[in-house]
Visitor: 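Please find one structure pasted underneath; my questions will follow.
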Amino acid sequence: MRTCLDRALTFAGVTRAAVYVPGAGNEELRLADTAGRPSTGPGLPERLTLADDTPVAQAFRTDRPLWLNAEGALGALPLGADGRRLGCLLVTGDSADGFQAEQRRFLERYADAVARLLRSGAPPSVPVLGPALRSLRVGSFVLAPDTGVAEADDTLLDLVGISPDDFDGKADTLLAHALPEDMHALMSVLEPSIDDSGRRELEFRVRGPTGEMRWLSLSCRAEPATDGLGERVVGVVTATPVLRRGADDVARIQWLTAALDDATTVEDVGRVVVAALREPLGAARVALAGLQDDRLMVAVLDPPQPAAWPDVWRAEWRTEWPDAPVRALPTLQEAMRDGRMDLWPAGTALEPGLAGIGPGGLAVLPLPAKGRVAGICLVGWDEPHAFVPEERSLLTATAALVGQSLQRAHAHDAEQELATMLQRSLLPRRLPELPGGTAVARYLPARRGLQVGGDWYDVIALSDERVALVIGDVQGHSAGAATIMGQMRTAVRAYAMEGHPPDVVVSHANRLLVSMETDLFATCCYAELDMEEGNTLFVRAGHLAPLLRRPDGGTEEVEVAGGPPLGILAEAHFPMTAVALAPGTVLALVTDGLVEAADLPLDEGMRRTGAALATADPADLGRMADELLGDGDRREDDVALLLMRYDGMRIKPIRAGWMVWRLPDAVMHARRFTARTLRRWKAEKAADAVLLVVSELVTNALVHTQGPVQVDLMLRGDRVRVGVSDASPRAPAKPVIVDWESTGGRGLMLVEAMSDSFGTVPVAGGKQVWSEITVPGFDPDAADPGPGPGSGPGSGPWGGGLS
């Protein structure tokens, strides 16, 4: 790091750099860090009094940079952030002309990087000059042309796109990442020349690991052979957010074209515009706004602080950035109507909405695109600015390129917004709260193309003690796949809520997809959990097996018997696999986007996911899900992840059931069974209400339905739940009007009046009408769950007594 720091400072014209920070009592500055060549003269003082007239003290007191060139170059740059004065950066150089404008701009950015480290609370004893340089992404190298051996630091390798472990110390390895078109110029600069041993500069392009193109800036010089060492080329390389102001217009346009080609969103376009115009032109402000329905929607303001912009803009600061009707800004309205650039010199009187943006000069650039104006760009200067002809040509060409990119970015953002809205509408807004467990889910869209896909998940609360978890993947990640995904998720939920067992739910979903006559197929993993006992039934249709993390931290892949993917064979068979879960077990359902990629085999991906599941903390299920996703680097396929931690129900309900035979005194037997059960549960205080509800519901079931009728009683806490099941799928309807002459219709109204809650749910082969009633002053610990009645009309295969 120190070697890289010294090289970078040398190329910035700095022979020595030092950081001073406030000392005790804030009445002095003390030396905190130094870098550069050792001085032959007097060394840097360890402490400086703030009252002295030294450049460091002056810069710290006035909070303004100080540049001197009386005896060589000297700069003192104050270090501050958020209104706090954190210290001062002192730089010295050998040049009698002082630091040049480009060098000053680099040193100002360097001072900002040092200030950020000091603001973050770096201890006084920790060096800051080296880490600050690393944050600016400045790399260095030493090249021996005779042998082709090169020494490069980690920052340079990262800029080029090489991991330190893959670098073999050869210059050819570094050069191989440069674009072929730039290779000739790059070799001519790196080749040492006896006639020209001065500084050489070049901007070139490299191709990153994922195929993206980036611009780098190279500055180097040749050093003659000394001390047994051959000729060497020493240099630094930096990322190139902008071209230097002195670069020719052709190079600028080339860079701008390449940068805008990589910009996909409006935000990306805004960053490129700021990088291309503000610093190279020495501007104080840059604003980019798109035109939508006669309103200017501001996309980028640089600097972003509200205080840097006119009062009118700050008064309208309603959203992240202001927006205003074009008619409120006549100067911009005229420029956009004519479609030509307007350059306003210093002192021009403009409307209040533009006053203060460019007191030293304002450039108004309409952004044309396909015969219309897509937006506008404002460039303002604080100091008087002269618009030279070359600059006018550059601004005109920039506006044309930015306009086309802005329109393309608006279309991209609209497409992604539509995709996001579609995906959100198809996936659950939130997961239900589960008795005895917690569930979380994550979804990441595909990295390329339309960011909507066929992965889905769902958590379905089937009853108070049963829940279904489902995860699936429709082939592809497109709008068509998302449409099928939404239909399949809805179908699975509907079949599950009807009360079908897991294998029937998946079979029905399979037949539905086959009947849709689509070319797409889907995979699915369905699990139904008994939250009271932990018993789980799994069904797998061509999907990945679920993963379990046991309470002791061990993980395993559940061996679930599988069927074919959905949509392949209408009469496919989907067997069920039963697994018992202990409290503390975490169940993980994943799609293949998480565990499989071009460079990641499926077996290895499942192994990594299992290892991550074992090391994650199950107490925080959300963090566990984030850790399973890794660093968020999305793969080419979308990713869905569903986790559920089974904790077991804290209060387990007590149940009893009675099969009602269709006899004249059936209601009497049901009431007697209910009374005996309530006495055993010590819940007699609710007997009157419960017996009335049982009488009405059993009577309705016997009168209005055919087939078996079942009474189920459940005690959970201080609430008794009565459920009467029958073979009719039709829900009971309350009469709209019940007058004195009515012969019926009051039963359901009585049930609703006596119940704390009341409703109907579908069950396999029919429905269940249920009612919940609170037992006043009930002590749950006094309830006796002992054996239920063993004889009577309710005994037999339908489960009389305790179920």
Side-chain angles (χ1 to χ4, degrees), residues 256 259-260 263-279 281 283-344 348 350-359 361-382 394-417:
L256 183 63
L260 289 175
T264 56
T265 66
V266 173
E267 185 179 359
D268 294 339
V269 173
R271 283 196 293 263
V272 172
V273 171
V274 171
L277 296 180
R278 187 180 175 193
E279 185 176 350
L281 300 181
R285 296 169 193 84
V286 173
L288 178 69
L291 182 62
Q292 297 182 15
D293 300 329
D294 194 40
R295 296 189 72 84
L296 288 173
M297 308 299 294
V298 180
V300 173
L301 295 177
D302 193 82
Q305 292 80 14
W309 297 88
D311 293 338
V312 175
W313 289 41
R314 296 201 296 273
E316 297 294 325
W317 219 277
R318 295 187 299 272
T319 57
E320 182 180 2
W321 300 125
D323 61 276
V326 179
R327 60 181 179 275
L329 301 168
T331 299
L332 303 188
Q333 186 179 26
E334 181 179 357
M336 297 178 72
R337 183 180 63 247
D338 298 340
R340 59 180 177 82
M341 176 178 59
D342 285 338
L343 303 177
W344 303 99
T348 302
L350 300 172
E351 60 262 32
L354 298 180
I357 294 181
L362 177 66
V364 179
L365 310 177
L367 307 175
K370 295 183 179 180
R372 58 179 293 269
V373 175
I376 200 160
C377 180
L378 304 179
V379 185
W381 288 262
D382 284 341
L394 175 64
L395 291 174
T396 301
T398 299
L401 292 173
V402 173
Q404 298 173 22
S405 298
L406 185 63
Q407 186 180 52
R408 185 178 67 247
H410 273 305
H412 176 273
D413 286 354
E415 182 182 79
Q416 295 306 319
E417 182 180 359

Visitor: As an exercise, state the distance from CE of M336 to CZ of R372, rounded to the nearest 0.5 Å.
Guide: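 Spacing of CE (M336) from CZ (R372) equals 8.5 Å.
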Visitor: What heavy-atom pair brings P303 and A284 nearest, and what distance separates the two atoms?
Guide: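 Looking at all heavy atoms of both residues, the shortest contact is CD-O, 3.3 Å.
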Visitor: For L291 versus V373, what's the shortest heavy-atom pair and its separation?
Guide: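 Taking L291 first and V373 second, the nearest heavy atoms are CD2-O, 3.8 Å.
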Visitor: Between V300 and R271, is any pair of side-chain heavy atoms under 4.5 Å apart?
Guide: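 No, every pair of side-chain atoms sits at 4.5 Å or beyond.
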Visitor: C377 and side chain to side chain contact (heavy atoms under 4.5 Å, CB included): which partner among V274, T398, V286?
Guide: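 In the set V274, T398, V286, the residue that makes a side chain to side chain contact (heavy atoms under 4.5 Å, CB included) with C377 is V286.
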Visitor: Compare all side-chain heavy atoms of V402 with those of L288 and state whether any distance is below 4.5 angstrom.
Guide: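 SC-SC contact between V402 and L288 confirmed.
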Visitor: Hey, what do you get for CG (L362) to OG1 (T348), rounding to the nearest 0.5 Å?
Guide: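 Answer rounded to 0.5 Å: 8.5 Å.
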Visitor: Contact between W344 and L354 at the side-chain level, heavy atoms closer than 4.5 Å - yes or no?
Guide: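 No, too far: nothing below the 4.5 Å cut-off.
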Visitor: Using every non-hydrogen atom in the two residues, find where E351 and L332 come nearest and quote the distance to one decimal.
Guide: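 Heavy-atom minimum between the residues: OE2-N, 4.2 Å.
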Visitor: Could you tell me which non-hydrogen atom of P368 sits nearest to which non-hydrogen atom of A399, and how far apart they are?
Guide: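 In terms of heavy atoms, the two residues are closest at CD-O, 3.7 Å.
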Visitor: Does any part of the side chain of L406, heavy atoms only, come nearer than 4.5 Å to the side chain of V273, both counted from C-beta?
Guide: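 V273 does not reach L406 side chain to side chain.
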Visitor: Quick one: closest heavy-atom pair of V269 and S405, and the distance?
Guide: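 Looking at all heavy atoms of both residues, the shortest contact is CG2-O, 3.9 Å.
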Visitor: Could you report the tightest heavy-atom contact between P359 and R285, atom names first, then the distance?
Guide: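 Looking at all heavy atoms of both residues, the shortest contact is CD-NH1, 4.2 Å.
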Visitor: Quick check: do V364 and L378 have side-chain heavy atoms less than 4.5 Å from each other?
Guide: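 Yes - at least one pair of side-chain heavy atoms lies under 4.5 Å apart.
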